[in-house]
Amino acid sequence: MTIKQISIFIENRKNALSELTNVLAEHKINIRSLSIADTSDFGIARIIVDNPEQVQAALERSAYIVKTTPVIAAEIPDEAGSLNRILKILADNNRNVEYMYGFTGHKTGTAYMIIRCTDVGETEKILDDNGIRMASQDELLKC
């Protein structure tokens with residue numbers, strides 16, 4: 001089961017990130033998870049939010065370039081080696097991890113890795129076949 005992640009392209013300049021978060025705050029959008037990657041000229045903010053369709057529309061109205069992407073929220077125990085186990089399963093099945101970032105919630109002893117891989121559907125099947133639990137969008141937002 002995939003969740004929807006919103007990627008927002010922003011200029012790599014002073015105040016650009018605060019301008020983005022200002023738009024989100026004005027629309028009362030709660031950011032559940034955030035990852036930022038940058039180059040010298042631009043950045044990509046990746047967010048998990050409660051209502052991705054509404055958030056995308058609000059950002060587009062504010063002149064942001066936005067894309068919704070399916071990603072996987074793999075549940076991992078909060079213990080040494082858990083991430084390595086998942087990455088080994090993906091590597092053994094020729095899955096390329098394009099990027100990933102962590103997400104923690106209120107559930108004790110558990111974290112989630114937001115994973116974007118080539119062929120998301122096949123990756124979900126591989127993880128499921130190997131006993132890796134994945135969270136739904138609704139479940140992740142309740143964390």
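Values in this document were obtained by computation on a predicted structure and should not be read as measured data. All values below come from the heavy atoms of this structure, side chains included, with hydrogens, waters and symmetry mates left out.
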Report yes if the side chains of [X] and [Y] come closer than 4.5 Å at any heavy-atom pair, otherwise no.
{"X": "Tyr112", "Y": "Ile76", "result": "no"}
{"X": "Ile6", "Y": "Lys67", "result": "no"}
{"X": "Lys14", "Y": "Glu19", "result": "no"}

* Under a 4.5 Å side-chain heavy-atom rule over Ile, Leu, Val, Met, Phe, Trp and Tyr, are Met134 and Leu87 clustered together? -> yes
* To do: Give the cluster check for Ile44 versus Val66: same hydrophobic cluster or not, with ILVMFWY residues linked at side-chain heavy-atom distances below 4.5 Å.
  => no
Please confirm whether the backbone N or O of [Y] pairs with a side-chain atom of [X], one donor and one acceptor, at under 3.5 Å?
{"X": "Asn93", "Y": "Ile89", "answer": "yes"}
{"X": "Glu75", "Y": "Ala111", "answer": "no"}
{"X": "Ser82", "Y": "Asp78", "answer": "no"}

Smallest separation among heavy atoms of [X] and [Y], with atom names:
{"X": "Phe9", "Y": "Tyr64", "value": "O-CD2, 4.0 Å"}
{"X": "Ala135", "Y": "Ile3", "value": "O-CG2, 3.7 Å"}
{"X": "Leu83", "Y": "Met113", "value": "CD1-CG, 3.8 Å"}
{"X": "Arg85", "Y": "Asn130", "value": "NH2-O, 3.0 Å"}
{"X": "Ser33", "Y": "Gly102", "value": "OG-O, 3.7 Å"}
{"X": "Pro70", "Y": "Arg116", "value": "O-NH1, 2.9 Å"}

Distance from [X] atom [atom1] to [Y] atom [atom2], nearest 0.5 Å?
{"X": "Gln54", "Y": "Leu59", "atom1": "CD", "atom2": "CG", "result": "12.0 Å"}
{"X": "Ile132", "Y": "Ile86", "atom1": "CD1", "atom2": "CD1", "result": "4.5 Å"}
{"X": "Ile8", "Y": "Glu60", "atom1": "CD1", "atom2": "CD", "result": "10.5 Å"}
{"X": "Ile48", "Y": "Leu34", "atom1": "CD1", "atom2": "CG", "result": "10.0 Å"}
{"X": "Thr118", "Y": "Asn96", "atom1": "OG1", "atom2": "CG", "result": "5.0 Å"}
{"X": "Thr2", "Y": "Ile115", "atom1": "OG1", "atom2": "CD1", "result": "13.0 Å"}

State whether Tyr99 and Arg46 meet the cation-pi test: NZ (Lys) or CZ (Arg) under 6.0 Å from the six-membered ring centroid, and within 45° of the perpendicular axis.
yes
Do NZ/NE/NH1/NH2 and the carboxylate oxygens of Arg95 and Glu122 come within less than 4.0 Å?
-> no
Inset, instruction - Kindly determine whether Leu17 and Ile10 satisfy side chain to side chain contact (heavy atoms under 4.5 Å, CB included), including the steps that lead there. - result: CA-CA 7 Å; Leu17 188 56; Ile10 55 176; 4.1 Å; yes
**Study point:** side chain to side chain contact (heavy atoms under 4.5 Å, CB included) assessment of Glu11 paired with Phe42
**Key:** CA-CA 4 Å; Glu11 290 181 73; Phe42 69 93; 5.8 Å; no
Practice item. Would you please say whether a donor-acceptor pair under 3.5 Å links the side chains of Gln5 and Tyr101? Key: yes
**Report entry** Steps toward side chain to side chain contact (heavy atoms under 4.5 Å, CB included) verdict (Ile72, Cys117)
**Finding:** CA-CA 8 Å; Ile72 296 167; Cys117 283; 5.5 Å; no
For this session: Report the C-alpha separation of His27 and Arg61 in whole Å, then their side-chain angles, then the decisive distance to 0.1 Å, and conclude whether the side chain to side chain contact (heavy atoms under 4.5 Å, CB included) test is met.
Result: CA-CA 11 Å; His27 288 89; Arg61 284 192 303 275; 4.2 Å; yes
Residues at least two apart in sequence or cross-chain that pass side-chain hydrogen bond (donor to acceptor under 3.5 Å, both in side chains) with Lys88, listed by chain then number, are Asp92
